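Let me begin by presenting the structure, written as structure tokens, before commenting on it.
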Amino acid sequence: MIALLTYKGILVLIVFTITLAVAAYSTYAERKIAAFLQDRIGPDRAGPFGLLQPLADGAKFFFKEEIIPNVSNKTLFILGPSIAMLTALMAGVVVPWGNELILGGNSYLLQIADLNVGVLYVFGVVSVGVYGIMIGGWSSNNKFSLLGAVRASAQMISYEIAMGLAIIALIMMTGTLSLREISLQQVGGVGGHWNWWNVVYQPLGFLIFIVCAFAECNRTPFDLPECETELVGGYHTEYSSMKLGLYLFAEYINMFISSAVMSTLYFGGFNFPFMHDLGLSANWITVLGTVALFLKITFFIFFFMWIRWTIPRFRYDQLMNLGWKGLIPLAVFNIVLSGLISLYVHR
Amino acid sequence: MTAYLFYFLSFVAIFSALLVVFSKNPVYSILYLIITFFAIAGHYVLVNAQFLAAVHVIVYAGAIMVLFLYVIMLLNLNKEDEPHKSYLAKIAAVICAGIMMVVLVASLRGTMQTATKSGSEIGFVNNLGKVLFNEFLLPFEISSILLLAAMVGVVMVGKADHTTQPQDKK
Amino acid sequence: MLTNRSKIVVKKEMNFWERIYLPAIFGGTLITIKHLFKRKATIKFPEVKREVSVVYRGQHVLKRDEHGAERCTACGLCAVACPAEAITMTAAERKKGEEKLYREEKYASVYEINMLRCIFCGLCEEACPKEAIFLTDRIEPSDYTRKSFIFGKDKLVEPVDKRIDVTKRQTPAVLNFKKNKLFSHNR
């Protein structure tokens with residue numbers, strides 16, 4: 001029991017560190033990719049290729065002057081970014097970062113908790129995440145912040161429905177809510193065991209899911225809660241110093257986690273093609289699988305940024321139209337289609 | 001361990017439920033209500049009903065309370081412009097709530113003995129699904145029809161609003 | 001209409017493929033990904049300097065003559081010519097024994113250019129009858145305070161041992177122009 005707890009504790013620490021590091025370097029990657037897509041070079045002064053830029057930014061955030069507006073609600077003002085960060089970090093608990101390692105007869109699962117309602121857990125945490133934004137926006141006592149918060153809540157609720165419906169179709173197919181089992185079902189890919197990744201069976205569901213993920217992470221083209229052309233900074237207009245940093249960090253962590261969830265649900269998680277044909281030992285396959293998962297995550301993060309610097313922002317009515325009139329009917333149709341196919345074709 | 005957790009969660013649930021009633025600011029009320037919901041979700045986990053806990057958090061804390069908060073933020077209710085209620089209304093509310101509590105206690109008293117043990121797996125998704133779609137199919141479908149009716153009602157209300165608005169502008 | 005490139009905006013109904021956004025988004029991503037591999041336009045300034053014209057108008061210099069005496073005689077023509085009113089000066093009389101320092105009997109004891117006002121038009125250079133002020137291809141350094149952008153004689157006058165070459169600016173055409181002040185915009 002103690003050994004298990006120690007192992008889980010260490011795993012939590014590792015996942016925590018990796019999450020923060022990925023979030024920090026996502027800011028760097030975002031700036032670099034933005035620059036490259038616009039024929040610029042981007043940050044290159046701090047360290048070789050500007051690689052120390054996130055550290056400089058982080059240090060700057062800590063040393064900046066902390067301003068809490070007089071008219072704000074101080075408790076909630078501090079609670080807002082804390083909740084945003086907390087919920088962003090919590091979602092990483094159920095993501096299977098790899099298969100199991102077998103060391104000295106003991107098997108170590110590279111997942112903090114294999115809940116049998118893993119998908120729902122992620123969903124719940126994400127749906128609670130909106131409180132960070134809402135509380136922060138409301139307690140700033142600023143019209144722009146309030147509008148940002150209101151937009152965020154409406155947007156999150158709308159797109160959560162479509163996202164949930166998209167996942168339901170996937171769950172009908174996999175028959176389990178555990179993220180680890182969903183990963184294990186997609187073992188291999190091409191090669192000895194022929195198991196296609198779920199995206200092959202659920203292309204429409206994946207499309208809906210990724211669009212909703214963009215909306216849930218408040219990323220362009222759906223970054224209306226913080227859209228600077230209309231709302232100054234949206235919900236974090238009044239924030240400064242590390243509180244602002246927490247909000248920005250939470251956004252990047254959300255992006256990282258949603259990339260991880262997307263890779264797990266639709267792109268095979270820690271599996272990679274020909275994994276059982278290489279003649280490697282199980283532990284090596286696990287390690288390589290974790291690397292493969294992180295490659296997939298990196299791709300999705302890149303994709304998030306790529307889209308951000310390609311597409312302009314939606315108008316708010318377009319956003320609502322797309323969510324309610326476009327994605328939700330499409331998701332329902334996807335459920336019906338998946339049900340029919342699994343009833344008549346796979347039998 | 002489980003007993004301590006139970007008492008802790010119950011304390012949190014009841015304490016924050018009381019704060020919901022007693023706090024002056026409606027936004028605080030909602031935030032305490034969310035804490036109450038989380039404590040109740042914790043209770044679900046204690047009786048091994050993880051699915052119920054997750055759905056409880058998603059639906060109540062994640063969706064309904066967000067909408068509540070949304071409305072209250074939009075209306076910007078403060079304690080200054082809270083309408084002053086007469087004593088008659090207050091007494092009526094207390095009596096109604098008391099009767100409600102009596103009814104709840106009376107109806108739940110008999111079910112105490114049949115409560116499931118924490119070791120059972122009735123709360124898991126597949127077991128729950130089997131029960132819902134076999135034993136309780138009719139109530140399940142009726143409740144879905146109820147929700148559908150509510151949804152149709154909402155659409156109708158929204159539509160009616162839409163057609164009258166242009167006339168108002170003229 | 002002059003360029004024949006103007007387009008008349010047509011607001012027609014979008015067809016199905018346009019309405020589902022995806023083909024357009026896909027096209028957009030293709031365009032942006034192409035730019036990922038394009039040559040970058042950035043010039044890394046302190047290490048790499050952009051090539052400028054030989055008559056580039058940058059930071060000013062107050063020239064000395066071949067003996068090292070200041071050429072400026074504080075006539076004030078540059079200040080008059082300056083459209084941004086960036087130049088101020090105080091004139092002083094040359095004392096005995098200062099002939100090595102100042103070329104004429106009158107000199108500028110204070111000569112200041114406000115670099116935040118200056119628009120680098122070069123009219124001061126054009127107005128100067130004594131060939132004393134020139135714009136150079138040096139880029140003025142950035143700083144943190146407004147005060148430090150008021151350049152005095154310490155920054156403007158060229159050091160005796162580190163002369164600044166302005167011969168490239170003194171082409172025959174320029175010298176001819178300078179002789180015939182009639183051509184000047186501000187006679």
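Nothing here was measured: the structure is a model prediction, and the numbers come from that model. Lettering follows sequence order; numbering is per chain, from 1.
- Counting non-hydrogen atoms of neighbouring residues, nucleotides and ligands closer than 6.0 angstrom, the CZ atom of B:Phe8 reaches no more than 12 such neighbours.
- Atom-to-atom distance recorded for B:Ile34:CD1 and A:Ile135:CD1 is 6.5 Å, nearest 0.5 angstrom.
- With a 4.5 Å cut-off on non-hydrogen atoms, A:Ile157 touches chain B through its side chain but not through its backbone.
- Checking side-chain atoms of B:Tyr70 against main-chain N and O of A:Arg151 turns up no donor-acceptor pair under 3.5 Å.
- Only the side chain of B:Val55 comes within less than 4.5 Å of a heavy atom in chain A; its backbone stays farther off.
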Query raised in the report: Would B:Phe51 and A:Asn116 satisfy side chain to side chain contact (heavy atoms under 4.5 Å, CB included), going step by step from the backbone distance to the final call?
Result: CA-CA 8 Å; B:Phe51 177 74; A:Asn116 66 355; over 6 Å; no

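- With contacts defined as side-chain heavy-atom distances shorter than 4.5 Å, the pair A:Val128/B:Phe38 qualifies.
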Open item on the list: side chain to side chain contact (heavy atoms under 4.5 Å, CB included), that's the test. Do A:Leu76 and B:Leu31 meet it? Break it down for me.
Closed with: CA-CA 10 Å; A:Leu76 294 186; B:Leu31 295 180; 3.5 Å; yes

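- Of all heavy-atom pairs between A:Gly124 and B:Ile58, the closest is CA-CG1, 3.4 Å.
- Remark: A:Tyr7 OH is packed, more than 12 non-hydrogen atoms of other residues, nucleotides or ligands lying under 6.0 Å away.
- Residue B:Leu88 qualifies as open at atom CG: its count of foreign heavy atoms under 6.0 Å is 12 or below.
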In sequence, state the C-alpha distance, the side-chain angles, and the governing distance for B:Ile72 and A:Trp138, and then conclude on side chain to side chain contact (heavy atoms under 4.5 Å, CB included). CA-CA 10 Å; B:Ile72 283 181; A:Trp138 181 77; over 6 Å; no

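- Proximity to chain B is limited to the side chain of A:Val130, based on heavy atoms less than 4.5 angstrom apart.
- A:Ser127 and B:Gly62 get closest at one heavy-atom pair: OG-CA, 3.6 Å.
- Using a 4.5 Å cut-off between heavy atoms, A:Thr176 makes no contact with chain B at all.
- For B:Tyr28, the OH atom is densely surrounded, since the number of other residues' heavy atoms within 6.0 Å is greater than 12.
- In the displayed structure, A:Asn70 atom CG is contacted under 6.0 Å by at most 12 heavy atoms of other residues, nucleotides or ligands.
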Set out, in order, the CA-CA distance, both residues' side-chain angles and the distance that settles side chain to side chain contact (heavy atoms under 4.5 Å, CB included) for A:Met134 and B:Val66, then state yes or no. CA-CA 8 Å; A:Met134 287 192 83; B:Val66 171; 3.7 Å; yes

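- The CD atom of B:Gln50 sits 12.0 Å away from atom OH of A:Tyr121, with the distance rounded to the nearest 0.5 Å.
- Most heavy-atom pairs under 4.5 Å with chain B: of the set A:Leu177, A:Thr75, A:Val150, this distinction falls to A:Val150.
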